Every structure is written in C-alpha cells, then in structure tokens.
Undergrad: 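If you scroll down you'll find the structure; I have some questions about it.
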Amino acid sequence: MQHHGIKHLRTGNYSAQANASEQVNQSVLAAIRNHVNEDQTTWDEKLPEIQAALCRAVHASTGVSPYFAMFGQNMFTHGTDYALARKLGALEDALIAPLARSEKQQIYRARIQETLHRAYERAERTYNLKTRSIKYLPGQEVYKRNFVLSDFRRNVNSKFCRKYVKCRIVRAVGNSLYELKTLQGGPLGIFHAKDLKQ
C-alpha cells in the first residue's frame, strides 16, 4: 500500500461510523430488506440489481455516482442506451470532449475533491457543535463502554452486565482513538473516545 501512496488507518472497535465500507454495507442491507419478503432464500438473486442501483446513485458528498467517479461517464443499465447516447452526443462532456482520457479523469477528480472538501466543511461544522473536547493521557484510568452480547449457553444476559468497565489508557492513536488495557495489563484494543468516560 505504501508503494501506491496509501496510508492505512484503523478504526476503533465498535466505531463503524468511521469506516466507509460499513456505510455501504448498511445501504446494501437496507436494499436487501426492501427486496426480501417472507421467503428469505432468494435475497442473493437481487444483488446485481442492488449493486447497479448503488453504482448509479449520486452521492451527496461527491456530487456524482461511484460509477461516474470511476469511469467518467454515467452508467447505462441496458446495451441499447449506448446507441441512443451516441446519437444524441451525450457520452462526452462537451467542455472536455477533445481531451485525452487521463486528462478528463484528472478534471473529474479535481471536481470531486472540491465537492468532497465542501461536504467535509459542512459536516465538520455540524459535528463540532455536538462534540466535547477531551484528551486522555497514557496511564490514566477511564471507564470503557462494555460491549457484551447475551449468550444463553453461558447464562449471560447483556442487560444485567455493567455498562462500563474500568481500564487504563496505553496511548492515543490519532485524534479520538485510544489503545486500552485492563487494570491487570491485558490488551483490550483500540476504542473511540465516545465510548470512554472519566
């Protein structure tokens, strides 16, 4: 990944909102729920339709569909649409038609980056109204939200478990993620600050 200039970042445990693929998974699950009736054995037959719908959907943050971001043109769902688009001259953006494909992609990427930046600024203003600025120090004892699932075989009911357990900060990982360990020193993983309290 380093060869391609990609910086790998991990999200905190139980913090799916920071992971873009989890947001896509939610969209896929919502679409499956809309297509599935009482018989839940044929849901996989709808996946190509769901994939096409997600690829065509214009995202509010980018202003374009994922298909357009990837290929520089809108997605057609039927082969005859190409012939009609060619007749109408609608396959190319008239302003950048004479440019090479790589140059067109650069223009589209610049537009998308600009739109993403504006969306980021809007979201940041909204998010910052609700956030609390708090920093934890290494060695500090905090309470971590206890993520327990009920387990009939072990006689565990999550409703009766403690909501928070005491643990210790090992180190900060980024702006709002912290590596934690138990009070006995056992590793717990990386958690978001929203799941911690003093």
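Being a predicted model, the structure only gives us computed values, none of them experimental.
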Undergrad: Mind checking whether Tyr67 and Phe76 sit in one hydrophobic cluster, side chains of I, L, V, M, F, W, Y counted as touching below 4.5 Å?
TA: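 Shared cluster, yes.
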Undergrad: Going from OG1 on Thr182 to NZ on Lys166, what distance comes out if it is rounded to the nearest 0.5 angstrom?
TA: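 Taking OG1 in Thr182 and NZ in Lys166, the distance rounds to 13.0 Å.
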Undergrad: Rounded to the nearest 0.5 Å, how far does CG of Leu84 lie from NE2 of His78?
TA: 12.5 Å
Undergrad: Do the side chains of Arg56 and Phe68 get nearer than 4.5 Å, heavy atoms only?
TA: no
Undergrad: Rounded to the nearest 0.5 Å, how far does OG of Ser65 lie from CE of Met70?
TA: 12.0 Å
Undergrad: Would you compute the distance between atom CZ of Arg171 and atom CD1 of Ile190 and round it to the nearest 0.5 angstrom?
TA: 6.0 Å
Undergrad: For Arg162, does its backbone N or O pair with a side-chain atom of Asn146 as donor and acceptor, under 3.5 Å?
TA: yes
Undergrad: Main chain of Arg122, side chain of Thr126: is a donor-acceptor contact present, judged purely on distance under 3.5 Å?
TA: yes
Undergrad: What distance separates Lys194 NZ from Arg145 CZ, expressed to the nearest 0.5 Å?
TA: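 Lys194 NZ to Arg145 CZ: 6.5 Å, rounded to 0.5 Å.
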Undergrad: Less than 4.5 Å apart, side chain to side chain, heavy atoms only: is that true for Pro66 and Leu54?
TA: no
Undergrad: When clusters are formed by joining ILVMFWY residues with side-chain heavy atoms under 4.5 Å apart, either directly or through shared neighbours, do Trp43 and Val24 land in the same one?
TA: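 Linked within one cluster.
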Undergrad: Using 30° and 60° as the class boundaries, would you call the ring planes of Phe147 and Phe191 parallel, tilted or perpendicular?
TA: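 The arrangement is parallel - the two ring planes meet at less than 30°.
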Undergrad: If we only count heavy atoms from C-beta on, is the Val156 to Ser150 side-chain gap below 4.5 Å?
TA: no
Undergrad: Can you tell me how far CD of Glu179 sits from SG of Cys167, rounded to the nearest 0.5 angstrom?
TA: 11.5 Å
Undergrad: Show, in sequence, the C-alpha distance, side-chain angles and deciding distance for Tyr136 and Leu196, and conclude whether the side-chain contact (heavy atoms from CB on, under 4.5 Å) test is met.
TA: CA-CA 9 Å; Tyr136 298 109; Leu196 306 176; 3.9 Å; yes
Undergrad: Can you confirm whether more than 12 heavy atoms, excluding those of Asn175, are under 6.0 Å from its CG atom?
TA: no
Undergrad: Taking atom OH of Tyr143 as the centre, report whether more than 12 heavy atoms of other residues, nucleotides or ligands fall under 6.0 Å from it.
TA: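 12 or below, so no.
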Undergrad: Are the side chain of Gln140 and the backbone of Leu137 linked by a donor-acceptor contact shorter than 3.5 Å?
TA: yes
Undergrad: Nearest heavy-atom pair of Ala193 and Tyr178: which atoms, and what distance?
TA: CB-CE1, 4.0 Å
Undergrad: A side-chain contact here means heavy atoms from C-beta on lying under 4.5 Å apart; do Ile32 and Lys46 qualify?
TA: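 With C-beta onward as the side chain, the pair stays apart.
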Undergrad: If you count every heavy atom of other residues, nucleotides or ligands that lies below 6.0 Å from Gln51 atom CD, does the total exceed 12?
TA: no
Undergrad: May I ask whether Leu29 and Leu47 are part of the same hydrophobic cluster, defined by side-chain heavy atoms of I, L, V, M, F, W, Y residues being less than 4.5 angstrom apart, directly or through others?
TA: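 Different clusters.
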Undergrad: Determine, stepwise, if the pair Arg168 / Leu180 fulfils side-chain contact (heavy atoms from CB on, under 4.5 Å).
TA: CA-CA 6 Å; Arg168 189 167 283 123; Leu180 304 177; over 6 Å; no
Undergrad: Evaluate the salt bridge (charged side-chain N to carboxylate O under 4.0 Å, His left out) criterion for residues Arg125 and Glu121: first the C-alpha distance (whole Å), next the side-chain angles of each, then the deciding distance (0.1 Å), finally the verdict.
TA: CA-CA 6 Å; Arg125 284 191 298 271; Glu121 288 175 341; 5.0 Å; no
Undergrad: With a cut-off of under 6.0 Å to the ring centre and 45° to the axis, is Lys197 in cation-pi contact with Tyr164?
TA: yes
Undergrad: If only atom types and distance count, is the side chain of Ser61 paired as donor or acceptor with the main-chain N or O of Leu116 below 3.5 Å?
TA: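 No; judged by distance alone, with no hydrogens or angles, the pair does not exist.
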Undergrad: Looking at side-chain heavy atoms only, is the closest gap between Asn157 and Asp151 below 4.5 Å?
TA: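 Side chain of Asn157 against side chain of Asp151, heavy atoms only: no contact under 4.5 Å found.
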Undergrad: Looking at side-chain heavy atoms only, is the closest gap between His59 and Val64 below 4.5 Å?
TA: no
Undergrad: Step by step, work out the side-chain contact (heavy atoms from CB on, under 4.5 Å) result for Leu188 and Lys181.
TA: CA-CA 5 Å; Leu188 286 173; Lys181 64 181 179 181; 5.5 Å; no
